[in-house]
Amino acid sequence: MRIAMISEHASPLAALGGEDAGGQNTHVAELSAALAALGHDVRVHTRRDSAALPAEVRAASGVTVVHVPAGPAEALAKDELLPHMGAFARWSARQWLDGGWSPDVVHAHFWMSGIAALEAARHVDAPVVQTFHALGSVKRRHQGAQDTSPACRVGAERALCRTVDRIVAQCSDEVAELIRLGAPRSRITVVPSGVNQCTFGPGGPAVPRTRGLRRVLTVGRLVPRKGFEEVVRAMRLVPGAECVIVGGPPADDLASEPYARHLLDLAAALGVADRVRLVGAVQAADMPAWYRSADVVVAAPWYEPFGLTPLEAMACGVPVVASAVGGLTDTVVDGCTGDLVPARDPRRLGAAIRGLLDDGMRRLAYSAAALDRARRCYTWPRGAERLEALYREVQPAASEVLAG
Ligand code: UDP
């Protein structure tokens, strides 16, 4: 099949850890590569956000990344991209009509991509599959006035739920949200993200440890909803351990990043500054070595549509303490591969981390179970096969057979 992925802000080629570059980038890169490995012809359309980018890049995975000129060729916050989705759609449709390559299916990632995909796909009669990655209704609930998404986001997501041919949910919690938004249950299929088992595994180098301290690692885009503040607060209850925070801007720019400074000031005020360390953005290829260096990986988000970092830790055989929210309630099996605690509760979080650090036998048992679960349930080839079947189901011929 010819598969067009639309990922307006999240390029599979981007460096990760910044405010708008994280799980969606990894997801689109890995899923596209796994589909290409099954023999499909995959092209990812993403916005050209730098004048230095070539029109197209053929990645080692065999996937072609197309840089779509829509809006200025410079980095823009994702919340500023909506006005450029019309140009994105028109340019993509033109390419498909004139460029000798037209998709059998268009798979959109994130709500704005969905808007562009529907408009572009209509010109070539291709079905549209939508993965939201995150939902505006959930963001609004948790972030309230801090939510900088365009005001029309929730309405647009509601409309997409009723219009696209199929919605891919990443976890059971998302299914319930989608149904609340008006998505017909029959059009929702759950296909979780995977983890690259060749990259993330227990064998291989580990980042050196700090002498005399156990290591609690937490990873993500440096934004409040990832719960880094809660982890710093929890460290008061975890003596003899350091907290390493991976993510954010490159290390050299951390000092000028307001949220990074806030976390360090908080650590100082709480008397744990000597045990809290921010390392800034880490290249994707170096992430396994960081996970392997940890005794426990903590993921303490307020909410989480899927959450790749705990899964990556599990694939490296590291036990996880996570908030009991969203996708984490599917991936982390409480009391088996890790511990789940209520979100935004540093006391419970600290108690759980300390309990696990003090219990070597339980860590060993969690580690084995986590590795096993990641390998059995969350591989990209398996996810790609399920999506391949789904793409076939939404082909016009297949839909007619089903309807007839
Ligand atoms: N990541 C990375 N370097 C960093 C920080 C994060 O490569 O400095 C990667 C991390 O390994 C994971 C992704 O970014 O693959 C974050 O995904 P997650 O689903 O946890 O969060 P999201 O960004 O989707 O909110």
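Order of appearance sets the numbers: ligands from 1, and atoms from 1 within every ligand. Just so you know, these numbers use all the heavy atoms, side chains as well, and skip hydrogens, waters and symmetry mates.
Around atom 22 (P) of ligand 1, the closest heavy atom drawn from P305, A299, A15, G23 belongs to G23. When V279, V219, V282, T199 are checked for heavy-atom proximity to atom 3 (N) of ligand 1, V282 turns out nearest.
Geometrically, ligand 1 and Q283 share no nitrogen or oxygen pair separated by less than 3.5 Å.
Numbered from 1 in the order shown, with element, the atoms of ligand 1 that lie under 4.0 Å from a heavy atom of T26 read 13 (C), 15 (O). Near A281, meaning under 4.0 Å from any of its heavy atoms, are these atoms of ligand 1: 8 (O). Atoms of ligand 1 lying under 4.0 Å from at least one heavy atom of R221, given by number and element, are 22 (P), 23 (O), 25 (O). Distances below 4.0 Å separate heavy atoms of M287 from the following atoms of ligand 1: 2 (C), 3 (N), 7 (O), 11 (O). With ligand atoms numbered from 1 in the order given, ligand 1 contributes 8 (O) to contacts under 4.0 Å with heavy atoms of V246.
Between P192 and F306, the shortest heavy-atom contact is CB-CE1, 3.8 Å. Residues R187 and R166 approach most closely at O-CD, 2.9 Å, considering heavy atoms.
The parts of T309 lying near ligand 1 are both backbone and side chain, judged by heavy-atom distances below 4.0 Å. In K226, the part holding a heavy atom less than 4.0 Å from any atom of ligand 1 is the side chain. When heavy-atom distances to ligand 1 are checked against a 4.0 Å cut-off, R225 comes that close only through its side chain, counted from C-beta outward.
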For this session: List the steps, then state whether salt bridge (charged side-chain N to carboxylate O under 4.0 Å, His left out) holds for R277 with E242.
Result: CA-CA 8 Å; R277 191 149 67 87; E242 66 171 351; 3.8 Å; yes

For this session: Give the intermediate values and the outcome of side chain to side chain contact (heavy atoms under 4.5 Å, CB included) for residues R185 and V175.
Result: CA-CA 8 Å; R185 180 65 186 91; V175 175; 3.7 Å; yes

For this session: Evaluate the criterion side chain to side chain contact (heavy atoms under 4.5 Å, CB included) for residue pair I179 and I188; output intermediate values, then yes/no.
Result: CA-CA 9 Å; I179 290 172; I188 306 173; 3.9 Å; yes

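Using a 4.0 Å cut-off between charged nitrogen and carboxylate oxygen, R2 and D41 do not count as a salt-bridge pair.
The side chain to side chain contact (heavy atoms under 4.5 Å, CB included) check on A351 picks up nothing, with sequence neighbours excluded.
Under the salt bridge (Lys or Arg N to Asp or Glu O under 4.0 Å) criterion, the residue pairs touching residues 284-307 are R209-D295, R225-E304, K226-E304, with sequence neighbours excluded.
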